[in-house]
2 protein chains.
Amino acid sequence: MRPREFDHDDVLRIAFDQFWRKGVRGTSLSDIARDAGVQRGSLYNAFGSKEALFLQAYERYAGDYLVALQKALGAGSLRKRLTAFFDLTITNFRSGSPPRGCPTTRGLMELGAAEGEGLDEDARKAFANLVSRITALVQDALSAGTERGEFSGNPAVAALHIVTVTRGLAVLERAFDDEPQLRRIAAHTIDLVLGKGAR
Amino acid sequence: MRPREFDHDDVLRIAFDQFWRKGVRGTSLSDIARDAGVQRGSLYNAFGSKEALFLQAYERYAGDYLVALQKALGAGSLRKRLTAFFDLTITNFRSGSPPRGCPTTRGLMELGAAEGEGLDEDARKAFANLVSRITALVQDALSAGTERGEFSGNPAVAALHIVTVTRGLAVLERAFDDEPQLRRIAAHTIDLVLGKGAR
DNA sequence: GCATTATTTGACACGATGTCAAGAATATGG
DNA sequence: CCATATTCTTGACATCGTGTCAAATAATGC
């Protein structure tokens, strides 16, 4: 067995950074190989394909992201927790270098574009998995809020609605580049969910 | 002046159909040229680039779509109108051939992927324009509902929230392929907005 | 009829993905 | 301690897609 000459995780991080900055489509394996100081063929040997590499890089990121979400959703009043959740989401869209946006959502939409080709299905499942886990976190927070009387609806469908809004924000972000507007929508959503909206 | 040997609109329709079915990335100009019985070079001459062709094909479609939306949002009680709006949106995701989803959202996310390249900006504006027009339609419906006492919030931010949910649904659609779930989220959103939710 | 102008056509350059065979480096077994 | 097997690396190659260009072509206006 010949040992690998590069660090698996380093490459995933470098790849994710490139995908984030230039999009999946706009990033070539040559770019990543150059940045990582690895031969292009080695990447194919280690990861299989560009899509497979993206998925692995993305799952790495998703793990970190979920930890941060869990933290944001676990402290303070329900309103505070939801506010922190949206805040983290929106901040995440706009941190780092342009062109901004949600790497997950963008990547998924790009990958899913091709016609049923196997890995397409893997991408779908990976994303569905992340959405489900986020939804579960939100649902837990709402359930806890229910016990404390801060929320009195159906946590399951309410959580799904909230996650839907965050995905919608990821799309609007790319259209408007208007952070205050995103935050207004987020605040309005929280008001609606908690029933303290001006209606 | 030598006359064009193909019909401009026909090509836009054929192109949009291909983009819809295979995604922007998955469709080559050769595909479109073959389908349209036109030489690839002629497409470049007439439309400039793949992105420009997509944008034109997309604007064609957006026009039709807005007409349908206007119709859906103009009849009956506010609840009926919003229901028709979401219904049209979700049905639109799932009509036609796989891989389904919202052509607008998908296309935009794909196009925006590349790093600031000029046309990127055009795409952003085109999409922002569509979102703004949809939002205006929803806002009008809400305003009318306000006068009739069916709605008592801020139509501007409420409309934006509703449109955000539809964009979120477009994303979730690609992850779950679960129409009833989308409809549940839509119904819940309407309940929240109209204040008749179980909360 | 002729020049003008726009379209068509085919060839070309370039870059990206993915494959492959041959070479190189290490671990394992004798 | 050496030989072999196994894996990684490397560079070449095939294929496809975008976009450009010059030459050929076909109407239109004078």
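The sequence lines fix the lettering, A, B, ..., with proteins before strands; numbering per chain opens at 1. This one's a predicted model, so the numbers in the text were calculated from it and none came from an experiment.
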Would you call [X] and [Y] a salt bridge, using N to O less than 4.0 angstrom?
X: B/D177; Y: A/R124; value: no
X: B/R106; Y: B/E173; value: no
X: A/R183; Y: A/D178; value: no

Minimum heavy-atom separation for B/N92 and B/W20, please, with both atom names. O-CH2, 3.4 Å
Between [atom2] of [N] and [atom1] of [X], the distance in whole Å:
X: A/L53; N: C/dT17; atom1: CG; atom2: P; result: 10 Å
X: A/R4; N: C/dT26; atom1: CZ; atom2: P; result: 15 Å
X: A/K22; N: C/dG15; atom1: NZ; atom2: C1'; result: 13 Å
X: A/Q18; N: C/dA16; atom1: CD; atom2: P; result: 12 Å
X: A/I32; N: C/dA16; atom1: CD1; atom2: P; result: 12 Å

Among B/F19, B/F16, B/Y58, exactly one meets side-chain contact (heavy atoms from CB on, under 4.5 Å) together with B/P103. Which residue is that? B/F16
Please classify the nucleic acid contact of B/F47 as base, sugar-phosphate, or nothing, using heavy-atom distances under 4.0 Å. nothing
Is the ring centre of B/H188 less than 6.0 Å from the ring centre of B/F86? no
It should be established whether A/S42 places a side-chain nitrogen or oxygen under 4.0 Å from OP1 or OP2 of nucleotide D/dT9. yes
Could you tell me whether the phosphate oxygens of D/dT9, OP1 or OP2, come under 4.0 Å of any side-chain nitrogen or oxygen in A/Q39? no
Nearest nucleotide by nearest heavy atom, which residue falls closer to the 5' end of DNA chain D, A/N45 or B/G41? A/N45
Looking at B/R40, B/R21, B/K22, which hits side chain to side chain donor-acceptor pair (under 3.5 Å) with B/D31? B/K22
I'd like to know whether A/F85 forms a side-chain contact (heavy atoms from CB on, under 4.5 Å) with A/I162, so could you lay out the CA-CA distance, the side-chain angles of the two residues, the decisive distance to 0.1 Å, and finally the verdict. CA-CA 10 Å; A/F85 168 68; A/I162 291 172; 3.7 Å; yes
Under a 4.0 Å heavy-atom criterion, the protein footprint on nucleotides 14-19 of chain D, written with B, S and -, is ---SBB
Count the heavy atoms of every other residue, nucleotide or ligand shown that sit under 6.0 Å from CD of B/E179, and state whether that count exceeds 12. yes
Could you pull out the protein-nucleic contacts involving nucleotides 22-26 of chain D (nitrogen or oxygen on both sides, under 3.5 Å)?
| from | atom 1 | to | atom 2 | distance (Å) |
| --- | --- | --- | --- | --- |
| D/dT25 | O2 | B/R2 | NH1 | 2.6 |

